Enquirer: 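What follows is a structure written as structure tokens; I'll ask about it next.
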Number of protein chains: 2
Amino acid sequence: MPPAPHSRTQSIPLRRRFTPEARTDLHRCLVCEIREHSVCNGIDDTELAILAQASKRLTLPPGTAMIEEGTPALSFFNVTSGTVKLFKSLPDGRRQITGFADVGHFLGLTTARTYSFGAETVDTVQVCRFLRPQLETLLTDYPQFERRLLDEVTDELAEAQEQMLLLGRKTARERVASFLLNRMMPPAPSGQGKTEGRLVSLPMTRVDIADYLGLTIETVSRTISALRREQTITGTDNHGIRVLSVTRLRDLASGQDSR
Amino acid sequence: MPPAPHSRTQSIPLRRRFTPEARTDLHRCLVCEIREHSVCNGIDDTELAILAQASKRLTLPPGTAMIEEGTPALSFFNVTSGTVKLFKSLPDGRRQITGFADVGHFLGLTTARTYSFGAETVDTVQVCRFLRPQLETLLTDYPQFERRLLDEVTDELAEAQEQMLLLGRKTARERVASFLLNRMMPPAPSGQGKTEGRLVSLPMTRVDIADYLGLTIETVSRTISALRREQTITGTDNHGIRVLSVTRLRDLASGQDSR
DNA sequence: CGGTCACCATGATTTAGATCAAACCCACAT
DNA sequence: ATGTGGGTTTGATCTAAATCATGGTGACCG
């Protein structure tokens, strides 16, 4: 299903002169190491200048509110480093984190006038921000960009369905196991394994994990302790956990609990 | 949205020659009363023949398995009447219904080789089926079709996030109230109110509702009984419920419980 | 018309996870 | 060195919803 290149492209003034700022922006996109892992991959190398001018890079400290629930939907972001949490809240303060947007993921897409969700940085985050009208232009001018975005949203929806299964039907143990599994880093580059076990990336706090898994911090804490006790995971540091038995964790996550 | 009987339109002016079959298909799309409420709206009136030839209409009895989890993703469907349930399951049989696809909604979209979810008809359902390659063609040839689909998926994702909030953080009462609210039919066409209260469309069983809300059938049953007892809803028929106080239900759904 | 079956309601009891309550750990500021 | 505060762990108790159990209702059928 390779999306055929579409030649509907409106003549784009490529030979236009760039402001110095635009030139650095172009450079930014050219050397962007996550480009091929994001929606930006939908745009041809030769037309990166367009992309660069449509977006602006920002660096945000931990705990920055990027999107406020209910405010006008003006921006679209692409995460180039760090982790952002997306969430929805109830009037009394109960909160559900609906996902973590890591490197290469987008956020802020909506068809509504206002955002129906909030977004806040977990750690230091770099994003490229697109304003709404500029995103619209990219979508109509670059079919491959639009196609790429469609694919991303489709994947996002599949993940959301998986999370609904977790929230609606899994036990606390199964939820935590699923979570750790999902956040496992790719296997170490072979050769010298630093330590035994695969690393899990956990930049967020227990509160965030609890709000993501539909549990309380106490239950999350107890469950992680239990997994540690029974040697499924190790690591005393809260944000650095190692999976000792991936298969065991997989069994736990899908309810094949032997214990 | 009662699916009005197709009015037999007479001769349709055709510019090109179609096979007889294609001609009936074209007719089907031309008179399709839900077209403007679905992705098909992305295709121009003059090019409906393309759309008609890319799809096939099917009528399916209640309880038909349309999509089996894990099977090759070959089809894409557009619902033109009835209700389809989408779900994911765990090895031991626990099931989470991730959504109900009603008239105008699509199902079967994925970037993966196989479906990660199942789909089964709730009542008698009519769908238009597109095969994968044909869908791909439509997407690349008709940017507005693709855009429309992107918008649909984006909305779907927003709904999924709302459902995650429900599953992760709402009480049983709040879940049932939210569900009834979401499935309320549009307000009666003014004038003579048939009976008091707004009708709720519930073609599915208690088991389905429970699997959608992450509860057991007993809890769903008890909760509906309680709402009836306290005059928030009426209707003794299981599939025909009326909302007496929409505002009350809205308060319940968002946790502003006065009781 | 009596029997089977699918679906629903409701009561009694159990339990997984929430809530309540300390205490600990560690970075950092005074 | 000593508080101070955010984040975490662990234990004791409570409770919302699950589980277990029973009966009802109506559709369909030989």
Side-chain angles (χ1 to χ4, degrees), chain A residues 61-63 85 90 92-96 120 122-123 166-179 202-230 233-241 252 255 257 259, chain B residues 61-63 85 90 92-96 120 122-123 166-180 200 202-230 233-241 252 255 257 259:
Chain A
K85 58 190 179 200
L90 288 169
D92 64 5
R94 280 174 286 170
R95 190 183 64 150
Q96 178 65 39
E120 191 178 317
V122 168
D123 45 16
L166 180 149
L167 292 171
R169 289 305 183 210
K170 289 190 181 179
T171 66
R173 267 172 85 75
E174 291 161 359
R175 292 180 200 205
V176 171
S178 304
F179 176 67
L202 295 180
M204 69 291 293
T205 67
R206 293 286 182 271
V207 177
D208 287 340
I209 298 177
D211 280 351
Y212 180 57
L213 299 179
L215 300 171
T216 58
I217 52 173
E218 292 95 332
T219 300
V220 170
S221 187
R222 275 188 251 272
T223 308
I224 290 179
S225 297
L227 291 177
R228 224 187 322 248
R229 211 173 311 123
E230 61 199 53
I233 60 176
T234 7
T236 161
D237 175 15
N238 286 328
H239 297 272
I241 277 184
L252 287 185
D257 200 337
R259 220 181 33 90
Chain B
K85 57 190 179 200
L90 287 169
D92 64 4
R94 278 174 287 170
R95 190 182 64 149
Q96 178 65 38
E120 191 179 315
V122 168
D123 45 14
L166 180 147
L167 292 170
R169 290 302 183 212
K170 289 190 181 178
T171 66
R173 265 173 88 75
E174 290 161 358
R175 293 181 200 205
V176 171
S178 303
F179 176 67
L180 294 178
V200 176
L202 294 181
M204 69 292 293
T205 67
R206 293 286 183 273
V207 177
D208 287 340
I209 298 176
D211 281 351
Y212 180 57
L213 299 180
L215 300 171
T216 59
I217 51 172
E218 292 95 332
T219 301
V220 171
S221 188
R222 275 188 252 273
T223 308
I224 290 180
S225 295
L227 292 177
R228 224 186 321 249
R229 212 174 310 123
E230 63 200 50
I233 59 176
T234 5
T236 163
D237 176 15
N238 286 327
H239 298 272
I241 278 183
L252 287 185
D257 200 336
R259 216 187 33 92

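Bear in mind that the values here come from a model prediction, so they are computed numbers and not experimental data. Note on naming: letters A, B, ... go to the chains in the order of the sequence lines (proteins, then strands), and numbering restarts at 1 for each one.
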Enquirer: To the nearest angstrom, how far is B/D123 atom CG from C/dC7 atom P?
Expert: 14 Å
Enquirer: Compare all side-chain heavy atoms of A/R94 with those of B/T171 and state whether any distance is below 4.5 angstrom.
Expert: yes
Enquirer: Answer whether the closest heavy-atom distance between the side chains of A/L227 and A/I241 falls below 4.5 Å.
Expert: no
Enquirer: In whole Å, what is the span from the CG atom of B/D237 to the C1' atom of D/dA27?
Expert: 14 Å
Enquirer: Is a salt bridge present between A/R169 and B/D211, judged by a nitrogen-to-oxygen distance below 4.0 Å?
Expert: yes
Enquirer: Check this for me, if you would: do B/E230 and B/R173 make a salt bridge, where the nitrogen-to-carboxylate-oxygen distance has to be below 4.0 angstrom?
Expert: yes
Enquirer: Do any N or O atoms of the protein come closer than 3.5 Å to N or O atoms of nucleotides 22-24 of chain C, and which pairs are they?
Expert:
none

Enquirer: Under 4.5 Å between any side-chain heavy atoms of A/L167 and A/Q96, yes or no?
Expert: yes
Enquirer: So, applying side chain to side chain contact (heavy atoms under 4.5 Å, CB included) with B/L213, which one of B/V176, B/T223, B/T219 is it?
Expert: B/V176
Enquirer: Heavy atoms under 4.0 Å is the rule here; annotate nucleotides 6-18 of chain D 5' to 3' with B where the base is hit, S where only the sugar-phosphate is, and - elsewhere.
Expert: --SBBBB----SS
Enquirer: Please state how far atom CG in B/L227 lies from atom P in C/dA9, giving the value in whole angstrom units.
Expert: 12 Å
Enquirer: Please examine the side chains of A/I224 and A/R206, heavy atoms only from C-beta on, and report whether any two atoms are closer than 4.5 Å.
Expert: yes
Enquirer: Rounded to the nearest 0.5 Å, how far does CG of A/L90 lie from NZ of B/K170?
Expert: 6.0 Å
